[in-house]
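Data first, discussion second: the structure below is written as structure tokens.
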Amino acid sequence: MPSPEPPSLSPANVLPKVAAVRVADGERLRSVQLPGITLTVRSRPPARDGLPPALYVHGLGGSSQNWSALMPLLDGVVDSEAVDLPGFGDSPPPDDGDYSITGHARAVVRLLDAAGRGPVHLFGNSLGGAVVTRVAAARPDLVRTLTLVSPALPEIRVQRSAVPTGLLALPGVVALFTRLTREWTAEQRVRGVTALCYGDPERVSPEGFRNAVEEMERRLRLPYFWDAMARSARGIVNAYTVGGQHGLWRQAERVLAPTLLVYGGRDQLVGYRMAQRAARAFRDSRLLTLPDAGHVAMMEYPEAVARAFRELLADTGQQPAAGERTTRAREDEPADQSTGG
């Protein structure tokens, strides 16, 4: 639900300049101006004309760069674009200050409607998973398939390791946290985020770590960074408390698109135990569990996610090109326990 707080930030056109966002080889960035929002979109040129479009939506504190490891693995399968949600990556804050799940979903719908790219293969991680679930339930005409990596769907018993992230939603917590961590370097912050989000932080390459530090330094210079984090965290908490037809689990049950669910056994933010509930909620679902993965499997195990997505296409009659079919993705039963409790 929309934040009751009024926007407290300067318009995007008077925000201070910061370092440029990193663009990997083969990627392009463009800015899309829509009513009330300006979105940065990261894309890769498709391997050939006529490939179906795909859109990737990142999680809390992330950006379109979170999909840079996965997108090239699907170059011959889809025409890939990844969006920076309002207030994240290189997208400025929304004019109305609305960082709710519904607000972010509205931004995704506006982007798809304006571009005329729908229906798309829609991907979402964490917060982005909740956002695209809402999009798929409300606008089935825009979605060919749905791929959810550790989606932030409501949990009754939240893991202790996820509590600090949820606390960002409380008034005053961000101000307190910024005071307590004022002396932390960007490198220390990235190590903390990596330890929280990866099943095995050693899988981050030295180059990847350096790039993440540079991006963290850039984000910390943005005057709206913590505001976007706090309000988006509040949006997740609010969505967890909404029941009835607007509840995320109820909306999951209404999703018509074939759905691939990806859960990590070492996820410290979304409970591994939620995998089976999600598999039951989405009516046409396939489940890939990765016991050693954390919260961002598309970054940690992009090959496994790409392979499972190709199989989703094959299983639903949207066959990849010759030579690109892989073996069926494994649908392991998750262990009857959660990481961090």
Side-chain angles (χ1 to χ4, degrees), residues 1 56-62 66 85 99-106 108 122-140 143 145-163 165-166 168-169 196-197 232-290 293-298 305 308 331 334-341:
M1 50 194 300
Y56 307 79
V57 184
H58 63 81
L60 180 67
N66 293 162
L85 290 173
Y99 289 98
S100 66
I101 299 293
T102 298
H104 285 313
R106 189 179 300 120
V108 171
L122 194 55
F123 293 70
N125 169 235
S126 191
L127 163 67
V131 169
V132 299
T133 295
R134 185 150 289 178
V135 171
R139 291 290 305 273
V143 185
T145 66
L146 190 64
T147 297
L148 305 176
V149 182
S150 296
L153 300 175
E155 300 182 47
I156 295 176
R157 183 166 61 90
V158 178
Q159 300 179 97
R160 283 193 292 271
S161 50
V163 169
T165 302
L168 291 176
L196 182 64
C197 291
S232 291
R234 194 171 305 141
I236 295 174
V237 171
N238 287 345
Y240 274 34
T241 64
V242 172
Q245 64 177 344
H246 298 295
L248 283 170
W249 284 115
R250 185 70 62 83
Q251 293 189 322
E253 294 170 354
R254 295 206 300 269
V255 170
L256 301 177
T259 301
L260 171 63
L261 301 164
V262 182
Y263 281 81
R266 297 182 178 179
D267 194 331
Q268 300 181 65
L269 294 171
V270 169
Y272 193 43
R273 64 183 180 274
M274 303 304 295
Q276 288 297 330
R277 178 175 181 181
R280 291 191 298 269
F282 290 90
R283 65 180 69 188
D284 184 6
S285 68
R286 293 129 183 94
L287 175 61
L288 173 67
T289 61
L290 299 169
H295 191 59
V296 287
M298 73 287 186
V305 176
E331 295 183 351
D336 188 23
Q337 60 184 16
S338 62
T339 304

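It should be emphasised that the depicted structure is a prediction, and the values quoted were computed from it without experimental measurement.
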Test side chain to side chain contact (heavy atoms under 4.5 Å, CB included) on Leu269 and Cys197; report intermediate values, then the result. CA-CA 8 Å; Leu269 294 171; Cys197 291; 4.2 Å; yes
Does Met274 form a side chain to side chain contact (heavy atoms under 4.5 Å, CB included) with Leu153? I'd like the steps, not just the answer. CA-CA 9 Å; Met274 303 304 295; Leu153 300 175; over 6 Å; no
Determine, stepwise, if the pair Val131 / Val108 fulfils side chain to side chain contact (heavy atoms under 4.5 Å, CB included). CA-CA 8 Å; Val131 169; Val108 171; 4.0 Å; yes
Are Val149 and Val296 close enough, and set up right, to give a side chain to side chain contact (heavy atoms under 4.5 Å, CB included), and what steps lead you there? CA-CA 7 Å; Val149 182; Val296 287; over 6 Å; no
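The shortest side-chain heavy-atom distance between Pro151 and Tyr263 falls under the 4.5 Å cut-off. Inter-residue side-chain proximity for Thr259 and Asp284 is flagged as unmet; no heavy-atom pair is nearer than 4.5 Å.
Atom-to-atom distance recorded for Thr102:OG1 and His246:NE2 is 8.5 Å, nearest 0.5 angstrom. Going from atom CE of Met298 over to atom OH of Tyr56 covers 11.0 Å, rounded to the nearest 0.5 Å. Going from atom CG of Asp267 over to atom OG of Ser126 covers 8.0 Å, rounded to the nearest 0.5 Å. Note that CZ of Arg280 is 11.0 Å distant from CD of Glu253, once rounded to the nearest 0.5 Å. Tyr272 contributes atom OH, which lies 7.5 Å from atom CG of Leu290 (distance to the nearest 0.5 angstrom). The CG atom of Asn238 sits 11.5 Å away from atom OG of Ser232, with the distance rounded to the nearest 0.5 Å.
Listed here is the closest heavy atom pair of Ala275 and Leu287: CB-CD1, 4.0 Å. The two atoms that bring Leu248 and Ala239 nearest to each other are CD1-CB, 3.9 Å, heavy atoms only. When all heavy atoms are compared, the tightest approach of Leu148 to Gly129 is CD2-O, 3.7 Å. Shown here for Val305 and Leu260, the closest heavy-atom pair between the two residues is O-CD2, 4.5 Å. Residue Val143 comes nearest to Ala257 through the heavy atom pair CG1-CB, 3.8 Å, listed as atom of the first residue, atom of the second, then distance. Ser100 approaches Gly103 most closely through the heavy-atom pair OG-N, 2.9 Å.
Judged as a side-chain contact (heavy atoms from CB on, under 4.5 Å), and not counting sequence neighbours, the contacts of Arg283 are Leu256.
For the 3.5 Å distance criterion, the side chains of His58 and Asn125 fail to qualify, holding no donor opposite an acceptor. If you check the side chains of Gln251 and Arg134, you find a donor sitting under 3.5 Å from an acceptor.
Distance alone, capped at 3.5 Å, is enough to place a donor-acceptor pair between the Ser285 side chain and the Ala279 backbone. Between the side chain of Arg286 and the backbone N or O of Ala308 there is no donor-acceptor pair closer than 3.5 Å. Checked by atom type and distance alone, the side chain of Trp249 pairs as donor or acceptor with a backbone atom of Pro154 at under 3.5 Å.
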